[in-house]
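All ligand and atom numbering here is 1-based and tracks the order in the structure.
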Amino acid sequence: MRLGILTGGGDCPGLNACIRAVVRCGADQGVTVLGFRDGWRGVLDGEAHQLTLEDVRGILPRGGTILGTSGTQPTLIEGGPDLVRDAIGVHALDGFIVVGGEGTMGASAAMDDVPVIGIPKTIDNDIGGTDASIGFWTAAQIATDSIDRLYSTAESHNRVMVCEVMGRTAGWIGITSGLAGGADVIVIPEHAFDIEAICRRIRRIHSERRPFSIVVISEGAAPVPGTMELPEYTLDANGWPRLGGIGRLVADEINRRTRSETRVTTLGHVQRGGTPVAFDRVLATRLGVAAVDQAVAGRWGNLVGIRGADIQTTPLVEVGARASVVPPERFGIPEILCT
Ligand code: F6P
């Protein structure tokens with residue numbers, strides 16, 4: 001058997017652990033693995049090389065991806081799906097293992113005659129068919145560590161510290177790091193925020209408990225319509241808004257309304273870099289092994305994910321419809337509702 005592997009979309013910690021698992025598990029079962037450069041771009045441009053055990057030695061703890069990545073979606077390029085089909089013949093492949101996010105999975109599902117097994121990765125954790133995607137828990141830990149650091153400087157200066165985290169339209173990094181770091185206010189995209197309620201809560205904390213506070217805000221958070229401006233977002237190559245900046249607007253407004261000295265920290269891409277935490281290494285390894293097993297069994301067209309402690313599969317065509325966001329029952333936490 002010959003498999004192609006690619007990593008698509010934004011990088012995250014744990015991709016190399018996954019590539020290693022696919023190559024090593026493949027070698028055990030007599031499967032040759034070809035690595036394509038920069039996601040689907042390498043498939044379209046025919047840039048691939050065989051991955052050996054030597055290539056993957058020592059990469060388990062390394063951040064990023066040895067294959068490179070890109071946001072290229074064959075389905076958005078004229079003739080793209082045909083080039084993908086041609087690549088199967090040119091490289092004598094049985095199919096692809098695609099490690100990607102929502103966009104990459106969507107493109108894979110749309111090419112339903114191309115044999116693909118999907119592995120979910122993204123720090124945003126917004127992919128359907130899995131409880132966790134590779135990279136999420138590392139990003140959540142990095143954000144938590146950052147909040148711990150902001151806490152001590154907030155305390156020294158009696159300041160409000162606003163920490164903007166990534167996550168696109170899902171609040172998983174925000175709610176997880178906010179709760180783990182003991183934030184006073186958590187603002188996530190799934191629940192429109194009321195800036196006055198946030199300020200009320202900050203005033204109350206400062207007068208009743210302590211004169212400093214921590215606000216965690218997800219980059220995709222939005223105010224109740226008509227109450228505050230949003231940043232002006234430009235669009236990326238795939239037409240998605242490039243988020244970032246809501247933390248600055250909220251910090252300015254808190255400063256103006258509460259008269260508390262306020263600072264903003266935008267964590268940005270630091271959440272995507274560096275070595276994966278143990279959970280992501282194990283998840284990446286288990287999903288890599290499961291993907292090879294699926295391929296060897298000829299079960300194409302599925303995403304391999306984790307539900308509880310178990311590996312489960314979901315048809316790729318259903319993954320998009322089940323995008324994962326923070327469910328409403330979690331909004332009852334007072335820090336989120338600003339009660
Ligand atoms: O999807 C992962 C992610 O890090 C989002 O959280 C963020 O909005 C986006 O990618 C940033 O994209 P880029 O690396 O293209 O700036």
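- Distances below 4.0 Å separate heavy atoms of Ile123 from the following atoms of ligand 1: 4 (O).
- The closest protein non-hydrogen atom to atom 6 (O) of ligand 1 is Asp124 OD1, 2.7 Å.
- Residue Gly167 has at least one heavy-atom neighbour below 4.0 Å for each of these atoms of ligand 1: 6 (O).
- Distances from ligand 1 to the non-hydrogen atoms of Asp236 include no value under 4.0 Å.
- Considering only non-hydrogen atoms, atom 13 (P) of ligand 1 lies nearest to His269 out of Arg242, His269, Glu102.
- Of the charged side-chain nitrogens involved, at least one lies within less than 4.0 Å of a carboxylate oxygen, so that Arg41 and Glu47 count as a salt-bridged pair.
- Not a single heavy atom of Gly101 lies less than 4.0 angstrom from ligand 1.
- With respect to Glu196 and Arg201, no salt bridge is recorded, no charged nitrogen being found less than 4.0 Å from a carboxylate O.
- Salt bridge Arg322/Asp126: absent, no basic N to carboxylate O contact under 4.0 Å.
- Within the 4.5 Å cutoff, side-chain heavy atoms of Ile19 are placed close to those of Ile5.
- If you look at Gln271 next to ligand 1, there are no close heavy atoms at all, none under 4.0 Å.
- For atom 7 (C) of ligand 1, the closest heavy atom belonging to the protein is Glu219 OE2, 3.3 Å.
- Considering backbone and side-chain N/O atoms, Leu243 never comes within less than 3.5 Å of an N/O atom of ligand 1.
- Scanning Arg272, Arg168, Met166 for the heavy atom closest to atom 10 (O) of ligand 1 points to Arg272.
- Side chain of Thr313 to backbone of Val304: no donor-acceptor contact under 3.5 angstrom is found.
- Note on Arg242 versus Asp236: no salt bridge recorded, every NZ/NE/NH1/NH2 to OD/OE distance being 4.0 Å or above.
- Between Asp82 and Arg85, at least one side-chain N (NZ, or NE/NH1/NH2) sits under 4.0 Å from a carboxylate O, which counts as a salt bridge.
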